[in-house]
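Right, one structure below, let's go through it.
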Amino acid sequence: MFLKSISLQNFRNYTKSEFNFDKNTTLIIGPNASGKTNFLEAIFFLSRGGSLKTEKDEQVVRFGEEIARLSGLIGEVGLEVIIAKAGGERSINQKKYKVNGVSKKRIDFVGNLLAVVFSPLDLDMVVGSPSLRRNFLNSVLEQTDIDYRKNLLEFTKALRQRNALLERVRESGVRDERQFEYWDSILIKTGTVITKKREELINFFNNSKKDIFDFTIFYDKSIISKDRLSQYKNAELGAGVTLVGPHRDDFSLHMFNNEIQTTHDVKFFGSRGQQRLVVLQLKLFELEFIEKKLSERPILLLDDIFSELDREHINLVLEMLGKQQTIITTTHRDLAEGGFLKEASVVELVSDGKI
Ligand SMILES: Nc1ncnc2c1ncn2[C@@H]1O[C@H](COP(=O)(O)OP(=O)(O)O)[C@@H](O)[C@H]1O
Ligand SMILES: [Mg+2]
């Protein structure tokens with residue numbers, strides 16, 4: 001995979017910038033708050049059709065503006081995203097996606113630019129809420145599998161409808177089973193596909209060789225089935241939401257303790273450093289998984305790893321640079337001068353979104 005160029009317009013702190021990439025490594029140097037993470041986020045947005053860090057994608061629109069535009073060229077394929085703030089003139093279609101000038105739905109847009117990001121934000125995946133871990137699984141599987149994208153979309157829509165129905169039942173106190181049959185069957189059908197694919201992914205990770213850090217993933221899956229739905233019927237009535245299904249999935253990461261032959265959850269017992277290594281290892285698995293599924297090596301985006309990792313692990317990462325197009329951000333200008341990064345092209349962010 002080769003990202004040739006990108007253009008950003010009113011995206012975060014960028015007004016209008018264009019950049020052409022070399023096939024090799026690109027090093028982006030700039031002081032704090034100059035827009036390094038934002039630059040990688042723009043690439044991520046073209047890859048996943050959504051933001052790296054926000055629940056609300058419209059937050060990427062530059063302060064005081066209505067519309068942000070991103071475009072990128074991957075080989076001969078041109079990708080474009082238009083993001084409009086709600087309440088602006090395009091409030092109905094908040095995001096528009098185009099491939100070679102033709103409008104697409106998000107599920108047909110994703111998968112054109114394969115990218116794996118490793119950023120300080122990812123640490124939240126270990127310590128934060130289950131939704132962050134589900135997002136990670138989704139993010140990997142959405143890139144590799146159109147069938148997963150379709151099922152997830154259908155599941156999410158049906159879940160919203162079923163929850164609205166539960167809420168109405170909770171208010172009225174009357175539950176008519178026939179009303180549930182339709183949504184239940186969609187949730188069971190799509191939810192089962194999602195669970196199965198997540199399980200395959202986690203098995204792939206568990207069976208992969210761990211060069212960075214040794215751990216096992218425990219998949220805490222919330223199976224959705226007729227039986228389970230009826231088992232939770234009363235509880236759902238009280239809660240007004242659907243209580244079983246992949247939207248309640250989680251996983252935990254367990255490291256080994258050789259001395260006493262037990263495992264411990266990295267979330268509670270891992271040092272910050274170990275948590276970082278687990279995430280880095282997961283990201284490298286993500287690269288390998290995508291490559292195995294699609295026979296295409298994703299591009300690698302590394303945000304600020306020099307302040308996140310120790311020398312040994314930085315070297316491990318740097319050894320991988322030649323294997324794919326890589327874009328690295330840093331505040332340390334001296335990195336451009338020596339060692340591994342001698343060959344890299346350098347982009348300097350002078351201040352606030354200026355290249
Ligand atoms: N929607 C936005 N519009 C304008 N500026 C923004 C927006 N979102 C974030 N910023 C600004 O971008 C800057 C941070 O950029 P970032 O890429 O995180 O910096 P760094 O180079 O440290 O990674 C901050 O000054 C922040 O206020
Ligand atoms: Mg940053």
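As the structure lists them, so they are numbered: ligands from 1, and atoms in each ligand from 1.
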Report yes if the distance between the aromatic ring centroids of Phe213 and His313 is under 6.0 Å, otherwise no.
no
If the cut-off is 4.0 Å to any non-hydrogen atom of [X], which atoms of ligand 1 fall inside it?
X	value
Asn38	12 (O), 13 (C), 14 (C), 15 (O), 16 (P), 17 (O), 18 (O)
Gln59	1 (N)
Asn13	4 (C), 5 (N), 6 (C), 12 (O)
Gly35	15 (O), 16 (P), 17 (O), 19 (O), 20 (P), 21 (O)

Mode of Val61 contact toward ligand 1 - side chain, backbone, both, neither (heavy atoms, under 4.0 Å)
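Just the backbone.
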Between [X] and [Y], is there a side-chain N and carboxylate O pair less than 4.0 Å apart?
X	Y	answer
Glu76	Lys4	yes
Glu291	Lys323	no
Glu154	Lys157	no
Asp184	Arg162	yes
Asp176	Arg178	yes
Glu288	Lys209	no

Test item, Gly30 contacting ligand 1 (heavy atom, 4.0 angstrom):
no
Does ligand 1 have an atom under 4.0 Å from some heavy atom of Pro31?
yes
Please indicate whether any nitrogen or oxygen in Phe39 is less than 3.5 Å from any nitrogen or oxygen in ligand 1.
no
Answer yes or no: does an N/O atom from Asn32 fall short of 3.5 Å to an N/O atom of ligand 1?
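Not met; the criterion fails.
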So, Gln281 side chain and Ile212 main chain: donor-acceptor pair closer than 3.5 Å or not?
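At least one qualifying donor-acceptor pair exists.
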Would you mind finding which of Ala33, Ser119, Ser34 brings a heavy atom closest to atom 22 (O) of ligand 1?
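Ranked by closest heavy atom to atom 22 (O) of ligand 1, first place is Ala33.
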Using 2.8 Å as the threshold, say whether any N, O or S atom from Thr329 sits that close to the Mg ion (ligand 2).
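Under 2.8 Å: Thr329 has no N, O or S contact with the Mg ion (ligand 2).
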